[in-house]
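What follows is a single structure, written as C-alpha cells, with notes after it.
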Amino acid sequence: MDRSANAAGVLEHSDTGAQENRVVTEEEWLQKWEMRNIGFHKEQGHPLLQKYLDVLLGGRSGLRIFFPLCGKAVDMKRLADMGHHVVGVEVSEQALKEFFAEHSLPYSEEPVPEIPGAKKLQSTSGNISLYCCSIYDLSSSVVGKFDGFWDRGALVAVNPCDRQRYASLMITLMEQNSSYLLVTVSYDPTKHKGPPFYVPESEINSLFVAARMFGLAKDFLSLMLCQGGGEAGRKQRQDT
Ligand code: SAH
C-alpha cells in the first residue's frame with residue numbers, strides 16, 4: 001500500500017523515493033527557457049489566485065507580495081496594478097525580460113551589491129522588483145519581509161533535497177500575520193520524475209510548522225491540484 005487518505009480526504013502517495021534524489025540544475029532551467037519548454041507558464045494567470053485572492057489579501061491594501069521562482073507569471077502585473085508591491089526572484093534573465101516586454105513595462109536594471117552576479121530589474125513605476133539570481137542567495141536583509149506569498153510552481157519546482165532550506169528561507173521572509181498560498185500537485189510520483197515534484201501534505205505540514213508556531217503565517221492555504229487541473233484538496237489554517 002503506498003497510498004492513504006490525508007485529513008483533507010486526498011490520497012497521499014508515500015512512495016516518493018524515485019524523486020527524492022532528483023536534481024534539476026539551474027543550467028537545465030535556463031535551457032528550458034531557451035528551448036521554450038515552459039508549459040508551466042499560464043498566459044491568462046492562475047485561476048486559483050483569482051479564486052483565493054481574498055485569502056491572500058485579507059482586505060488589506062498596499063501589501064508587499066512575494067513570488068518565489070516567479071518565471072514570468074502574469075499575476076505579478078495584476079497584483080501590482082491593484083496597488084501592491086510585487087517582488088519576484090527567478091534564475092532566468094530571459095524570463096524576466098519577457099515579463100517586462102510582454103506587458104510593455106519600462107524597467108531599469110541594477111546590480112545587487114549584496115549578491116555577486118545578481119541583478120534587480122525594476123519597473124519604472126517602482127512597484128515590481130524582480131531579482132535575477134538563485135532564491136538561495138536572497139535574505140530578508142536584501143528583499144525585506146512580505147505580507148503575502150504566492151507559491152505556485154515554486155516549492156514543487158525546488159529539488160527535493162533543498163525543500164527544507166527553501167521553506168526555512170520563506171519563513172524568514174514572513175511578516176507577522178502574513179498569508180501564504182501554496183499550490184501543489186497530486187499525482188503518483190512513481191509515474192513521473194518531476195518537476196513539478198510531488199510534495200505530500202504531511203511534508204508541507206512539517207516544512208512550515210515554524211511559521212505556525214511563531215504565529216507568522218496567519219493564513220496558510222495549501223491547495224492541491226490533481227493532474228487534470230481540478231482542485232484535489234484544500235487545507236487552510238488560521239492561527240491568530
Ligand atoms: N512560478 C512560475 C514559474 C514556475 S517554473 C509560474 O507559476 O509560472 C519554476 C521556475 O523557477 C522556472 O522559471 C525556473 O527558471 C525557476 N528556478 C528554478 N530554480 C531556481 C532557483 N534556485 N532560484 C530562482 N529561480 C529558480
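The first residue in the sequence is number 1, and the count goes up from there. For clarity, every value in this text was computed on a predicted model and none was experimentally measured.
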Handout entry: is_close_aromatic(Phe99, Trp33), centroid dist under 6.0 Å
Key = no
Practice task
Please collect all salt bridge (charged side-chain N to carboxylate O under 4.0 Å, His left out) contacts where either partner lies in residues 43-61, sequence neighbours excluded, each pair once.
Solution key: Lys51-Glu231
Exercise for the section: Name all pairs fulfilling the salt bridge (charged side-chain N to carboxylate O under 4.0 Å, His left out) condition that reach into residues 148-177, sequence neighbours left out, sorted by first residue then second. Expected result: Asp162-Arg165, Arg163-Glu203
Handout entry: Partner set under salt bridge (Lys or Arg N to Asp or Glu O under 4.0 Å) for Glu34, not counting sequence neighbours
Key = none
Practice task
Return the set of residues passing salt bridge (Lys or Arg N to Asp or Glu O under 4.0 Å) with Asp147 (not counting sequence neighbours), or none when no residue passes.
Solution key: none
Exercise for the section: Kindly check if the number of other-residue, nucleotide or ligand heavy atoms within 6.0 Å of NZ (Lys193) is above 12? Expected result: no
Problem - Enclosure of Glu110 CD (heavy-atom neighbours >12, cutoff 6.0 Å) - result: yes
Handout entry: Derivation of the side-chain contact (heavy atoms from CB on, under 4.5 Å) call for Leu130 and Val89
Key = CA-CA 6 Å; Leu130 305 181; Val89 61; over 6 Å; no
Handout entry: Residue pair Met170 / Pro68, side-chain heavy-atom distance below 4.5 Å
Key = yes
Handout entry: Parallel, tilted or perpendicular, as decided by the 30° and 60° cut-offs, for the rings of Phe208 and Phe220
Key = tilted
Exercise for the section: Please list, chain by chain and in numerical order, all residues satisfying salt bridge (Lys or Arg N to Asp or Glu O under 4.0 Å) with Arg64, sequence neighbours excluded. Expected result: none
Exercise for the section: Sequence neighbours left out, what passes salt bridge (Lys or Arg N to Asp or Glu O under 4.0 Å) with Glu98? Give chain and number order. Expected result: Arg36, Lys72
Fill in the blank from the handout: For Leu121 and Tyr107 the tightest heavy-atom approach is CD2-CE1, 3.8 Å
Practice task
Determine, using the 4.5 Å side-chain heavy-atom cutoff (strictly less than), whether Trp29 and Tyr136 are members of one ILVMFWY cluster.
Solution key: no
Problem - Set of residues satisfying side-chain hydrogen bond (donor to acceptor under 3.5 Å, both in side chains) with respect to His85, sequence neighbours excluded - result: Ser129
Practice task
Would you please name every residue forming a side chain to side chain contact (heavy atoms under 4.5 Å, CB included) with Gln164, sequence neighbours left out?
Solution key: Ser168, Leu207
Exercise for the section: Determine whether His41 and Val74 make a side-chain contact, defined as any pair of heavy atoms from C-beta on separated by less than 4.5 Å. Expected result: yes
Exercise for the section: With sequence neighbours excluded, give me every salt bridge (charged side-chain N to carboxylate O under 4.0 Å, His left out) pair touching residues 81-90. Expected result: Lys77-Asp81
Practice task
Answer yes when Lys97 and Glu93 have at least one side-chain N-carboxylate O distance shorter than 4.0 Å, and no when they do not.
Solution key: yes
Practice task
Measure the shortest side-chain to side-chain distance between Leu173 and Phe149 over non-hydrogen atoms and say whether it is less than 4.5 angstrom.
Solution key: yes
Problem - Non-hydrogen side-chain atoms of Ile65 and Val87 separated by less than 4.5 Å - result: no
Practice task
Would you mind reporting whether Trp150 and Val183 have side-chain heavy atoms less than 4.5 Å apart?
Solution key: yes
Problem - Residue list, side chain to side chain contact (heavy atoms under 4.5 Å, CB included) with Leu30, at least two apart or on another chain - result: Glu27, Val91, Ser92
Problem - Non-neighbouring partners of Thr184 that pass side chain to side chain contact (heavy atoms under 4.5 Å, CB included), sequence neighbours left out - result: Val156, Leu182, Ile204, Met224
Problem - Any side-chain heavy-atom pair of Phe146 and Ser178 under 4.5 Å - result: no
Handout entry: side chain to side chain contact (heavy atoms under 4.5 Å, CB included) partners for Val112, two or more places apart
Key = Glu114, Ile115, Ala118, Lys120, Tyr131, Val142
Handout entry: Side chains of Cys133 and Leu138 in contact at under 4.5 Å (non-hydrogen atoms)
Key = yes
Handout entry: Side chain proximity check, Ser123 to Phe100, heavy atoms < 4.5 angstrom
Key = yes
